[in-house]
> 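Sharing a structure below in structure tokens format, with a few things to ask.
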Amino acid sequence: ALSASAATEMPPLPDVTGDKVQADGDFKIKFSIGTTESGAQYRGLEYFEKIVEQRSDGNIQVDLFPVAQLGDDREATSALQAGTLEMTMPSTSPLVNMFPQFAVFDLPFLFPQPEMADAVLDGEIGQQMLEDASSQGLVAIGWGENGYRQLTNSQHPVEKPEDLDGLKIRTMENDLHLDIWRTLGANPTPMSFAELFTALEQGVVDGQENPWITIESSKFNEVQDYATETNHVYTPFITLVSARFWDRLPEDYQALVRDAATKMGDYQREVSRTLNDQIKQDLKDSGMQITELSPEQVKVFQDQLEPVYEDWRDQIGGELIDDIREQV
Ligand code: PAF
């Protein structure tokens, strides 16, 4: 079989625009993420590194650490708070214990199109959330895209909720995700992403859900024969900086890092969207059996998940949910 990753070509990194920024001091940024070097997230980080190093004239050095080498999404965030790591870019979902409003992004089928997620994240709601998340030892400086999550499993094709009966599905460490899979009749288990490949390989869990690009870059197709294009949740990435590090950075460098984070987020969304369909095709070519659902089939999942909105309304805040649902 063709290796999926061999067929995937990353677009070239854009040129760096903008003037050099002069400020005093030498700084090092260790930037950690959970996904691998062949994903869109890492490609975004390479662009961030290029911008920051060129425009600071080498005074800020950026070192990239993929595949949760320095800890998974939660551990890396704690390391930022402790001041032992400078930057990370987790999914919002494992941070809901710290920032309860992030749970709104875990609501199923909230954003029918990625551009609707952009409008909310780059608009007033998203900017307010970045401000609110700039607390507890963190500075939140931008959004990126993990993307639409798709279901994979090792047992059989899934076309309707009944097909999930009893399937052991790994979820992110997030109660709303657990609620989603329980409501659909599956048997969900929260687990750190760092343990997932082995758990799938050893059959500790039957399935998992992540965007195509993560499925491919993490080689889950080697241990999962079936996938369903559910698009059930759109997960944002949030770019976080350690407040201890941030407070040591001269203001001009803070502005540079903020600007680079915005450019990284935009670029990363573009890469993720450009590659999404190509990667789905690569996965098919590699032998994965992918079920594409008709709008009617999607609606069966949607209808069954509507109670999740009611279950979570009070906790997330009804106004926030209504605000977003009005915009999409
Ligand atoms: O599945 C997860 O835990 C997340 O989607 C991932 C891949 C770690 C990215 O934040």
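Sequence positions, counted from 1, serve as the residue numbers for this chain. Because the structure is predicted, anything quoted here is derived from the model rather than measured. Atoms within a ligand are numbered from 1 in the order they appear, just like the ligands themselves.
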> State whether the shortest distance between N or O atoms of Asn146 and N or O atoms of ligand 1 falls below 3.5 angstrom.
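Asn146 vs ligand 1: N/O contact under 3.5 Å present.
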> As a quick check of understanding, evaluate salt bridge (charged side-chain N to carboxylate O under 4.0 Å, His left out) for Arg269 and Asp118, giving each step before the final call.
CA-CA 9 Å; Arg269 284 171 178 166; Asp118 298 350; 3.4 Å; yes
> For ligand 1, is any non-hydrogen atom under 4.0 Å from Arg170's backbone (N, CA, C, O), its side chain (CB onward), both, or neither?
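Side chain only.
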> If you measure from each non-hydrogen atom of Thr35 to ligand 1, which part falls under 4.0 Å: side chain, backbone, both or neither?
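The side chain, only.
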> For Asp73, take its heavy atoms, then give the atoms of ligand 1 lying under 4.0 Å from any of them.
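So the atoms of ligand 1 that pass are 8 (C), 9 (C), 10 (O).
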> Which residue is it: Trp181, Phe301, Phe111? I am looking for the one with a ring pair (Phe, Tyr, Trp, His ring centres under 6.0 Å) to His232.
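Per the ring pair (Phe, Tyr, Trp, His ring centres under 6.0 Å) rule, the option paired with His232 is Trp181, out of Trp181, Phe301, Phe111.
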> When you look for heavy atoms under 4.0 Å from ligand 1, do you find them on the side chain of Asp72, its backbone, both, or neither?
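For Asp72, no heavy atom sits under 4.0 Å from ligand 1.
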> At a 4.0 Å threshold, what atoms of ligand 1 neighbour a non-hydrogen atom of Phe237?
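Reading through ligand 1 atom by atom, the close ones are 9 (C), 10 (O).
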> Does any donor atom in the side chain of Asp206 or Asn153 lie under 3.5 Å from an acceptor atom in the other side chain?
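No.
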> Of all the non-hydrogen atoms in the protein, which one sits nearest to atom 4 (C) of ligand 1, and at what distance?
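For this ligand atom, the closest protein heavy atom is Ser91 OG, 3.6 Å.
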> Do side-chain atoms of Asp163 reach the backbone of Glu159 as a donor and acceptor pair under 3.5 angstrom?
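It does hold such a pair.
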> Are Phe31 and Phe48 near enough that their ring centres are under 6.0 Å apart?
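So the answer is yes for these two rings.
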> For ligand 1, indicate whether the residue Arg149 contacts it via side chain, backbone, both or neither (heavy-atom separation under 4.0 Å).
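Only the side chain of Arg149 comes within reach of ligand 1.
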> Does Glu209 offer a backbone N or O that forms a donor-acceptor pair with the side chain of Arg149 under 3.5 Å?
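Pair found, side chain donor or acceptor close to backbone of Glu209.
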